Amino acid sequence: MDEIDRSILRELQNDGRLTIQELGQRVGLTPSPCMRRVRQLEQDGVIQGYRAVINPEAVGRSFEVLVSIEVKRDREAVEAFEAALQDIPDVIEAYRLFGSPGCLLRIAVADLTAYERLWIERLTTLSGITEVNSQIIMKRIKEPRGLPVDG
């Protein structure tokens, strides 16, 4: 990957809706070689997809909670827990961690009442759970903006 590829990645992380013509102008390429590079980055799995960034308030999900969860330390329990998370759309991110806690979730719901219902009806009923701790997000200080792609 050279500096032009990195420039392409930076520009697309900043604005994934750029046309190939606009992208080429920004990185110093004509459209045809720019398109070839983008396609190659996609084929190589460097670019994994494109998506819209949605305002949580606009879709009624501005109440965010970070939830640390302890799961029994056996393979079957961990696999069952991770599979069950896939069916909970309110869980928008999930990470298995080394050490304690064993898992960290980011949850987006409408309000505290919706979170309490999710906590009671879904989270605490998942098999293998030994502990659930919630931290309500007061303010997002830094928005996700993509990965640094400097060489």
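Index from 1, following the sequence. These figures come from a predicted structure and were not determined experimentally.
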Check: Could Arg122 and Asp90 be called an ion pair, given the rule that one side-chain N must be under 4.0 Å from one carboxylate O?
Finding: no
For Gly99 and Arg73, the nearest pair of non-hydrogen atoms, with its separation, is O-NH2, 3.0 Å
State, without any angle test, whether Gln135 and Asn133 hold a side-chain donor-acceptor pair at a distance under 3.5 Å.
no
Check: If two hydrophobic side chains count as joined below 4.5 Å and joins carry through other members, does Ile92 share a cluster with Val132?
Finding: no
*asked:* Under 4.0 Å between a side-chain nitrogen and a carboxylate oxygen: does that hold for Arg26 and Glu22?
replied: no
Rounding to 0.5 Å, atoms CG (Leu41) and CG (Leu12) come to a distance of 8.5 Å
Taking every heavy atom of Pro101 against every heavy atom of Glu70, the minimum-distance pair comes out as CA-OE2, 3.0 Å
Is the backbone of Glu57 close enough, under 3.5 Å, to the side chain of Asn55 for a donor and an acceptor to pair up by distance?
yes
Side chain to side chain contact (heavy atoms under 4.5 Å, CB included) with Phe63: of Ile136, Ile137, Ile107, only one passes, and it is Ile136
Heavy atoms of Ser127 and Ala80 approach each other most closely as OG-CB, 4.1 Å
What's the verdict on side-chain contact (heavy atoms from CB on, under 4.5 Å) for Val91 and Arg106, showing C-alpha distance, side-chain angles and the deciding distance?
CA-CA 6 Å; Val91 176; Arg106 183 170 153 231; over 6 Å; no
Apply salt bridge (Lys or Arg N to Asp or Glu O under 4.0 Å) to residues Asp2 and Arg37 and explain how you reach the verdict.
CA-CA 11 Å; Asp2 63 13; Arg37 283 180 179 256; 2.9 Å; yes
Hydrophobic clustering (ILVMFWY, side-chain heavy atoms < 4.5 Å, transitive) - are Ile88 and Ile120 grouped together? yes
Distance col, row Ser134:OG vs Leu118:CG, nearest 0.5 angstrom, shows 9.0 Å
- Enclosure of Arg140 CZ (heavy-atom neighbours >12, cutoff 6.0 Å): yes
**Asked** In this structure, are over 12 heavy atoms from other groups packed under 6.0 Å from Glu79 atom CD?
**Response** yes
Distance col, row Glu93:CD vs Leu105:CG, nearest 0.5 angstrom, shows 10.0 Å
Find out if a path of hydrophobic residues (ILVMFWY) with successive side-chain heavy-atom gaps under 4.5 Å connects Val109 to Leu66.
-> no
Exercise for review: Ignoring hydrogens and angles, tell me if any N or O in the side chain of Arg6 forms a donor-acceptor pair with the backbone of Val149 under 3.5 Å.
Suggested key: yes
Just checking, is any N or O donor in the side chain of Tyr50 or Glu42 under 3.5 Å from an acceptor N or O on the other one? yes
Practice task
May I have the step-by-step check of side-chain contact (heavy atoms from CB on, under 4.5 Å) for Trp119 and Thr125, ending in yes or no?
Solution key: CA-CA 9 Å; Trp119 191 89; Thr125 64; over 6 Å; no
Discussion item. If the threshold is 4.0 Å, N to carboxylate O, is there a salt bridge linking Arg10 and Asp5?
Written reply: no
dist Leu126:CG -> Thr124:OG1 (nearest 0.5 Å) comes out at 8.0 Å
When you group the ILVMFWY residues by side-chain heavy-atom contacts below 4.5 Å and let the links chain together, are Leu97 and Leu85 in the same group? no
Scanning both residues in full, the closest heavy-atom pair of Ile20 with Cys34 reads O-SG, 4.0 Å
Value for SG (Cys103) from CZ (Phe81), rounded to nearest 0.5 Å, stands at 4.0 Å
Report task. Answer with yes or no whether the hydrophobic clustering places Ile129 together with Leu104; edges join I, L, V, M, F, W, Y residues whose side-chain heavy atoms lie under 4.5 Å apart. Result -> no
- Run the side-chain contact (heavy atoms from CB on, under 4.5 Å) check on Met1 and Leu9 step by step: do they pass? CA-CA 11 Å; Met1 183 178 313; Leu9 295 174; 3.7 Å; yes
Nearest heavy-atom approach of Leu147 to Gln13 is N-OE1, 2.6 Å
With no hydrogens and no angle check, do the side chains of Thr113 and Arg117 hold a donor and an acceptor under 3.5 Å apart? no
Output for pair (Asp150 CG, Glu3 CD), nearest 0.5 Å, gives 7.0 Å
Smallest heavy-atom separation, Gln21 atom then Pro31 atom, equals CG-CG, 4.0 Å
